[in-house]
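Following: one structure in structure tokens, then a few remarks.
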Amino acid sequence: MSHLKHFQFNAKRRQVLKGLAGAGLTTVMGGFGIKAAQAAGKVTMGFIYVGPRDDFGYNQAHYEGKSALAKQSWIKAVDQENVPETIEVQKVMEGMINLDGAQVLFPTSFGYFDPHILKVAPKYPNVMFLHCGGLYDAKKHPKNVGSYFGYIDEPVYVSGIVAGHMSKTGKLGYIAAMPIPQVLRNINNFTMAARSVNPKITVQVVFTGGWSNPVKEAEAANSLIDQGIDVLTCHVDSPKVVVETAEKRGIYSCGYHANQAKLAPKGFLTGAEWNWSKVYLDYAKMIAGGEKIPNLIRGGFKEGIVKSSPYGKAVSAKAKAHADKVRAQFMAGDFVVYKGPIKDNTGKTVVPQGKAYGQTDIWLESMDWLVEGVIGSTKG
Amino acid sequence: MPIALAPFLIPLSALLLSSVLFGAFVWMAGATPSDVYQSIYRGAFGTWYSWQNTLTRAAPLMLTALCTALPARLGLVVIGGEGAVVIGGLVAALAGIALLDAHPMVALVGMALASIIAGGALIGLVGWLRQARNVNETISSLLFNYICIAILNFLVVGPLRDPETLNKPSTHHIGETHMLGYLGDSSIHMGFAFGLIACLILWILYKHTTFGFAVDMVGGNARAARLSGLPVRKIMLLVTFMGGAAAGLAGMIEVAAVHGRANASLNAGYGYEGILIAFAARHHPLAIVPMAILFGGIRAASDLLQRNHDLPDATSLVLQGIIFVLVLASEAIYARMAAKSGYKS
């Protein structure tokens with residue numbers, strides 16, 4: 001790889017990002033054959049998950065959303081679990097279209113998009129492919145593709161506030177799959193929130209290298225707890241193992257993706273959750289009304305796409321009050337997390353004094369650094 | 001039972017018995033067995049559409065099954081297909097990136113060669129460790145799987161990552177024009193033809209050449225083979241290399257026909273499923289083809305079982321497991337028959 005080639009790729013990426021920022025939010029899908037309201041029969045919608053429906057995490061969150069849709073009398077919702085990001089998902093999408101007559105598909109895993117959805121969607125121009133991940137680019141992607149995603153780092157920030165209040169040792173732990181922008185942004189939000197309560201707090205990060213790696217997750221949890229960490233959270237597909245291990249070892253935990261309160265009745269504090277039922281019902285309403293479907297849907301607390309899990313028993317009144325206040329600010333849309341000065345954990349200034357990046361700023365989507373206070377490295 | 005039909009009748013009755021047991025299983029799970037069978041048929045073999053679905057899934061499995069089946073004729077149990085797929089795919093992607101500006105044909109041949117050499121070298125190393133250091137080949141090939149997956153993850157997250165692949169770390173793309181196409185106007189990619197041809201060539205090699213005869217001799221009694229002047233070590237290295245080369249090629253096909261890049265999706269379990277198929281096919285290169293199609297069909301049908309019968313994803317694993325156990329158990333019947341009649345398969 002020459003330097004020249006590298007430069008070209010970088011330039012290309014910048015263009016893509018610009019395209020995302022500019023066109024993405026405003027374009028809408030057009031030309032769909034679905035007239036659900038008029039049609040006598042039901043509209044079939046297909047959901048595809050990368051893991052099990054009942055994983056207490058990413059896939060369960062989508063399954064809950066699908067279940068809300070399935071209650072609509074005019075919708076027939078079919079779903080399939082454990083579909084890997086290989087040619088398998090292409091075949092599953094085509095199967096749902098050809099054998100079940102699906103007109104709307106929700107392939108929910110990030111890795112389903114490129115190349116799989118991009119390969120199948122042009123073959124079925126009358127089917128809508130709505131992908132969870134927020135990657136739509138009007139310039140290069142088919143018109144019958146849409147994407148949706150949420151700013152889950154907002155409720156992660158709120159979790160960080162609660163964790164900051166509840167920690168006695170000042171040591172928090174984060175078990176994460178891999179150092180990609182989405183994950184780093186959550187870790188940074190959690191850390192900055194906790195340190196806004198107590199600037200001495202540190203967050204130790206362990207990357208497991210995979211989205212579903214229960215054995216490594218348990219090992220990481222135990223080793224972090226052995227090092228004196230007293231609040232643990234995670235960003236993996238299923239937080240089950242992490243939350244259960246924390247409970248068993250008698251420390252606090254913050255959840256992710258779905259509600260894990262059941263798994264840790266004593267130590268569960270709160271968590272960042274998706275609210276897909278709202279997103280899916282909104283899509284259904286637009287489809288029923290024959291409205292044009294936006295190609296890109298994004299939002300945080302304010303749009304109702306994400307939420308916090310209800311506080312656990314252990315959470316102090318002070319922590320609740322502080323967290324509620326921050327959430328209210330997010331709801332009002334006047335809370336900016338990435339406001340300078342911010343240093344990364346190698347001491348380099350990443351956001352200078354006076355500079356601020358709002359929630360929708362595209363710069364945040366290519367994050368490759370860890371904020372001051374995080375113990376760990378983006379090298380994994 | 002006429003002895004000539006035994007190789008067909010025994011596995012067939014094992015399959016029949018498997019379906020009876022599986023029927024009982026789905027009945028206990030609350031579904032109607034006859035409906036379930038109908039869905040399996042519809043999802044796997046009922047229409048041209050489902051055939052395409054089945055054959056596409058069978059494509060990598062034929063190649064990964066060879067990785068276990070070829071060394072098995074020497075008496076080796078190699079389970080390193082997964083690692084060979086991963087390393088073959090990774091190296092193929094690197095070759096594809098290096099040959100971005102070359103003619104598509106050159107790029108594809110280069111990728112295929114790279115993956116064959118990488119996969120072959122990996123399993124060849126397993127064979128070498130066995131014959132030179134007496135390291136158990138099952139354990140070493142299993143451990144190599146983990147090493148290869150770790151190497152892949154390290155490289156695609158780190159030095160080889162295309163910065164454009166923000167949230168799913170992958171290598172750079174090999175170029176759309178350099179991708180493997182489809183067979184005719186079907187949706188079955190070329191990988192299927194690769195698998196079919198590989199099984200055919202290796203069957204001819206094993207059945208109709210002196211090399212194949214030598215392999216069977218080594219497998220039958222290595223010492224006797226050595227005493228009769230066969231280069232046992234060389235044969236062992238060559239056979240393990242060929243097995244790994246087949247699985248490595250499966251990795252190249254994943255990259256060149258499906259993903260266009262190397263990433264964690266290479267590690268999708270094709271290598272492990274190949275072990276099952278090799279055993280179910282009794283390590284016969286030609287029998288691998290129908291077995292891979294059967295297992296591909298079960299995977300394809302599993303989609304409908306989940307969606308139309310509310311059966312969990314694991315249902316298809318149960319069916320695979322039942323088939324596997326019964327086919328293996330039927331081997332015992334074989335052995336008894338062979339002992340009685342002096343018949344050798």
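Throughout, a chain's letter reflects where its sequence line sits, starting with A, and its residues are numbered from 1.
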Step by step, would you call D303(B) with R57(B) a salt bridge (charged side-chain N to carboxylate O under 4.0 Å, His left out)?
-> CA-CA 12 Å; D303(B) 299 358; R57(B) 293 180 209 232; 3.0 Å; yes
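- The environment of K240(A) atom NZ is sparse: at most 12 non-hydrogen atoms of other residues, nucleotides or ligands sit within 6.0 angstrom.
- For P60(B), no part lies near chain A; criterion is any non-hydrogen pair under 4.5 Å.
- In this structure, chain B has a heavy atom under 4.5 Å from the side chain of N98(A), while its backbone stays farther away.
- Neither the backbone nor the side chain of D368(A) comes within contact range of chain B; no heavy atom of the residue lies under 4.5 Å from a heavy atom of that chain.
- For a residue to count as touching a neighbouring chain, one of its non-hydrogen atoms must lie under 4.5 Å from one of that chain's; by this rule V157(B) touches chain A with the side chain only.
- A side-chain donor-acceptor contact under 3.5 Å links N59(A) to the backbone of V50(A).
- Shown are Y112(A), Y280(A), Y63(A); of these, the ring pair (Phe, Tyr, Trp, His ring centres under 6.0 Å) with F47(A) is made only by Y280(A).
- For the set E254(B), R299(B), R42(B), the count of heavy-atom pairs under 4.5 angstrom toward chain A peaks at R299(B).
- Ranked by heavy-atom pairs under 4.5 Å with chain B, the list D114(A), V78(A), V183(A), L99(A) is led by L99(A).
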Under the salt bridge (charged side-chain N to carboxylate O under 4.0 Å, His left out) criterion, do D100(A) and R307(B) qualify, and how do the steps go?
-> CA-CA 9 Å; D100(A) 300 334; R307(B) 301 201 301 262; 2.4 Å; yes
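- With ring centers used as reference points, H259(B) lies 6.0 Å or more from H173(B).
- The part of P115(A) that comes within reach of chain B is its side chain, from C-beta onward, which places non-hydrogen atoms under 4.5 angstrom from that chain.
- The contact between Q90(A) and chain B is made entirely by side chain atoms (from C-beta outward), counting heavy-atom distances below 4.5 Å.
- Per-residue heavy-atom pair counts under 4.5 Å with chain A were compared for A268(B), S187(B), G158(B), G260(B), and the maximum is reached by S187(B).
- Neither the backbone nor the side chain of A300(B) comes within contact range of chain A, judged by heavy atoms closer than 4.5 Å.
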Verify side-chain hydrogen bond (donor to acceptor under 3.5 Å, both in side chains) between Q52(B) and S186(B), making sure each step is shown before the conclusion.
-> CA-CA 7 Å; Q52(B) 296 181 60; S186(B) 72; 4.5 Å; no
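- Comparing N153(B), N53(B), N167(B) by heavy-atom pairs within less than 4.5 Å of chain A, the highest count is held by N167(B).
- Interface residue L304(B): only side-chain heavy atoms are found under 4.5 Å from chain A.
- Taking the six-membered ring where the residue is Trp, H235(A) and W211(A) present tilted rings, their angle falling between 30° and 60°.
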Test log, rule side-chain hydrogen bond (donor to acceptor under 3.5 Å, both in side chains), inputs H309(B) and S39(B) | CA-CA 9 Å; H309(B) 299 279; S39(B) 286; 2.6 Å; yes
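- Contact of N263(B) with chain A is not made at all, since no heavy-atom distance falls under 4.5 Å.
- Interface summary for chain B: among G46(A), G210(A), G95(A), P52(A), the most heavy-atom pairs under 4.5 angstrom belong to G95(A).
- Contacts of M96(A) with chain B are made by both backbone and side-chain atoms, with heavy-atom separations under 4.5 Å.
- Using a 3.5 Å distance cut-off with no hydrogens or angles, the side chains of D55(A) and Y49(A) do not pair a donor with an acceptor.
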